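The next block holds one structure in the form of structure tokens; read it before the comments.
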Amino acid sequence: MAGEPVAVVGIGQTRHTAARHDVSIAGLVREAARRALDDAGLDWDGVDAVVIGKAPDFFEGVMMPELYLADALGAVGKPMLRVHTAGSVGGSTALVAAQLVAARVHGTVLTVAFEKQSESNAMWGLSLPVPFQQPLLAGAGGFFAPHVRAYIRRSGAPAGTGSLVAYKDRRNALLNPYAHLHEHDITLEKVRSSPMLWDPIRYSDTCPSSDGACAMVLTDRAGARRAPHPPAWLHGGAMRSEPTLFAGKDFVSPRAGRDCAAEVYRRAGITDPRREIDVAEIYVPFSWYEPMWLENLGFAAEGEGWKLVAAGVTGIGGELPVNPSGGVLSANPIGASGMIRFAEAALQVRGRAGAHQIDGARRALGHAYGGGSQFFAMWLVGTEPPPG
């Protein structure tokens, strides 16, 4: 029996910011969930199950937050699942929810992911000693900077490539009311002259620390027919993982990422991603990862991703707009960041992305990665139900 087609009929985000002192974590997730339900024309009793995700518990120091958040999410007495795959968790959480609908276990599922970095210390949390692995010491940037340098050596990318990405995404964020960073005075020169943190990653090449949450309502064909707004239909989704370290690991273009993208494209019937996908929301916490992931995802040949950036292909008016929302570079509530990429892809094909809407977007890719470039989650959504 074929799986049930899955539709995204409701999307809700909070305003992502450095600190939401006005709400608790429970208030934060409820705000996003309520907005998603309103978008779907539903109330809590219209939800059959809840799937929640976030980054490691020790970020906020609250163990098993799904238990005390059940009441805030209308999940008391309903099935509730928790997902955790490091920074990719927002994407993985959405895919678990989608599978519950596709398998006809539940008709309508609310999925939500969050982070309240103002109540945590991610730098400390990412620097814990792990046996048999190199220490991060300076957090995520200290871990990923050597991989960026390896990409530059491998591809011959010019030194200013990262600044071009950061400048693009910060300008895109000005069109997105939910983005954390709204730098109205941003210039390319300001990005290029910002302090060096981890060579070659500058201050403006990095993502902020954000409080925020994102939620979606996923449903079956019957639920899609009842929805007040056009849905986004899931055409393909996949998760892949690999160890943080192993002999022969390619940190520049991890195999798990390539395999995950290939599986999504196979399920969605995509043979030429660059020509057949209209917009991509890619998880780029450091600007240099845009050209790196363009290659990993099959949008560019090896060593050619930076050329798409330089040519303006990934701008809002380009052939393949990447992160028209401003991306992770402009808002990074870690546990929610992957789900925001998935939600923004769905908003594009629903025609509900507001000022950063890409005209004629019919198929969009949402992408998330986490850990030491080891966890990957992706989905491709479209305006029409999948065939079959």
Side-chain angles (χ1 to χ4, degrees), residues 6-17 20 23-57 59-60 62 64-101 106-117 119 178 210-219 223 232 234 237 281 331-347 366 368 370 377 379:
V6 180
V8 183
V9 295
I11 295 172
Q13 293 184 54
T14 63
R15 167 75 165 88
H16 310 300
T17 188
R20 282 291 302 273
V23 291
S24 63
I25 292 175
L28 193 72
V29 297
R30 186 177 177 89
E31 185 178 309
R34 182 68 264 175
R35 289 176 178 174
L37 289 171
D38 289 345
D39 187 27
L42 295 174
D43 211 332
W44 304 100
D45 60 2
V47 174
D48 301 317
V50 174
V51 181
I52 188 170
K54 74 170 298 294
D57 286 351
F59 275 16
E60 287 105 348
V62 179
M64 295 188 289
E66 65 277 11
L67 300 182
Y68 92 95
L69 293 176
D71 186 53
L73 293 170
V76 175
K78 297 178 182 180
M80 187 173 187
L81 293 176
R82 158 82 184 279
V83 179
H84 169 44
T85 56
S88 74
V89 64
S92 303
T93 302
L95 289 174
V96 170
Q99 285 299 315
L100 292 174
V101 175
H106 301 295
T108 299
V109 178
L110 173 70
T111 184
V112 61
F114 73 94
E115 198 75 57
K116 212 164 189 294
Q117 287 207 62
E119 297 183 9
Y178 295 111
S210 310
D211 286 0
C214 180
M216 291 188 288
V217 176
L218 310 183
T219 191
L234 179 59
E281 281 282 340
N332 187 33
I334 298 173
S337 292
M339 186 173 290
I340 296 168
R341 309 280 69 74
F342 280 35
E344 287 286 349
L347 284 171
W379 80 3

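Reckoned from all heavy atoms, side chains included, excluding hydrogens, waters and symmetry mates. Computed from a predicted structure; not experimentally measured.
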Original post:
Where is the tightest heavy-atom contact between A336 and A213, given as atom of each residue plus distance?
Top reply: CB-CA, 4.2 Å

**OP:** List the steps, then state whether side-chain contact (heavy atoms from CB on, under 4.5 Å) holds for E66 with V50.
**Re:** CA-CA 10 Å; E66 65 277 11; V50 174; over 6 Å; no

Original post:
side-chain contact (heavy atoms from CB on, under 4.5 Å) between E115 and D211: does it pass, once the steps are laid out?
Top reply: CA-CA 6 Å; E115 198 75 57; D211 286 0; over 6 Å; no

Original post:
Is a side-chain N or O of E281 found less than 3.5 angstrom from the main chain of R341, in a donor-acceptor match?
Top reply: no

Subject >> Steps toward side-chain contact (heavy atoms from CB on, under 4.5 Å) verdict (Y68, V62) >> reply: CA-CA 10 Å; Y68 92 95; V62 179; 3.6 Å; yes

**OP:** Check whether any side-chain heavy atom of W379 sits under 4.5 Å from a side-chain heavy atom of V8, and report yes or no.
**Re:** yes

**OP:** Kindly write out the residues that satisfy salt bridge (charged side-chain N to carboxylate O under 4.0 Å, His left out) with D48, not counting sequence neighbours, or none if the list is empty.
**Re:** none

Original post:
Partners of R30 by salt bridge (charged side-chain N to carboxylate O under 4.0 Å, His left out), sequence neighbours excluded?
Top reply: none

Subject >> Rounded distance (nearest 0.5 Å) linking atom CG of L347 with atom CG of D39 >> reply: 7.5 Å

**OP:** Determine whether K54 and P65 make a side-chain contact, defined as any pair of heavy atoms from C-beta on separated by less than 4.5 Å.
**Re:** yes

**OP:** For T111, check side-chain hydrogen bond (donor to acceptor under 3.5 Å, both in side chains) against everything at least two apart and list the hits.
**Re:** none

Original post:
Side chain of K116, backbone of V23: donor and acceptor closer than 3.5 Å?
Top reply: yes

Original post:
Atom CG of L95 and atom CG of L234: how far apart are they, to the nearest 0.5 Å?
Top reply: 7.5 Å

**OP:** Supply the atom-to-atom distance L218 CG to I11 CD1, rounded to the nearest 0.5 angstrom.
**Re:** 9.0 Å

**OP:** Considering only NZ, NE, NH1 and NH2 on the basic side and carboxylate oxygens on the acidic side, decide whether R34 and D43 come within less than 4.0 Å.
**Re:** yes

Original post:
To the nearest 0.5 Å, how far apart are CD in Q13 and CE in M339?
Top reply: 11.0 Å

Original post:
What pair of heavy atoms forms the shortest contact from A55 to R82, and how long is it?
Top reply: O-NH2, 3.8 Å

Subject >> Under the salt bridge (charged side-chain N to carboxylate O under 4.0 Å, His left out) test, residues paired with E31 that sit two or more places apart >> reply: R20, R35

**OP:** Report the residues that fulfil salt bridge (charged side-chain N to carboxylate O under 4.0 Å, His left out) with E344, sequence neighbours left out, ordered by chain and then residue number.
**Re:** none

Original post:
Rounded to the nearest 0.5 Å, what separation is found between the CD1 atom of I25 and the CG atom of L69?
Top reply: 7.0 Å

Original post:
Can you tell me if CG on D71 sees more than 12 non-hydrogen neighbours from other groups inside 6.0 Å?
Top reply: no

Subject >> Minimum-distance pair of heavy atoms, taken over all atoms of A36 and V217 >> reply: O-CG2, 3.8 Å

**OP:** State, to 0.1 Å, how close A70 and M80 come at their nearest heavy-atom pair, and which atoms those are.
**Re:** CB-SD, 3.7 Å

**OP:** Return yes if some donor-acceptor pair links the side-chain N/O of T219 with the main-chain N/O of G107 below 3.5 Å, else return no.
**Re:** yes

Original post:
So do the side chains of H84 and P56 get within less than 4.5 Å of each other, counting heavy atoms only?
Top reply: yes

**OP:** Considering non-hydrogen atoms only, spot the tightest contact between A33 and L73 and give its length.
**Re:** CB-CD2, 3.7 Å

**OP:** Could you name each residue pair satisfying salt bridge (Lys or Arg N to Asp or Glu O under 4.0 Å) that touches residues 85-101, not counting sequence neighbours?
**Re:** none

**OP:** Grab the two heavy atoms, one from T85 and one from S92, that are nearest each other, plus how far apart they are.
**Re:** OG1-OG, 2.8 Å

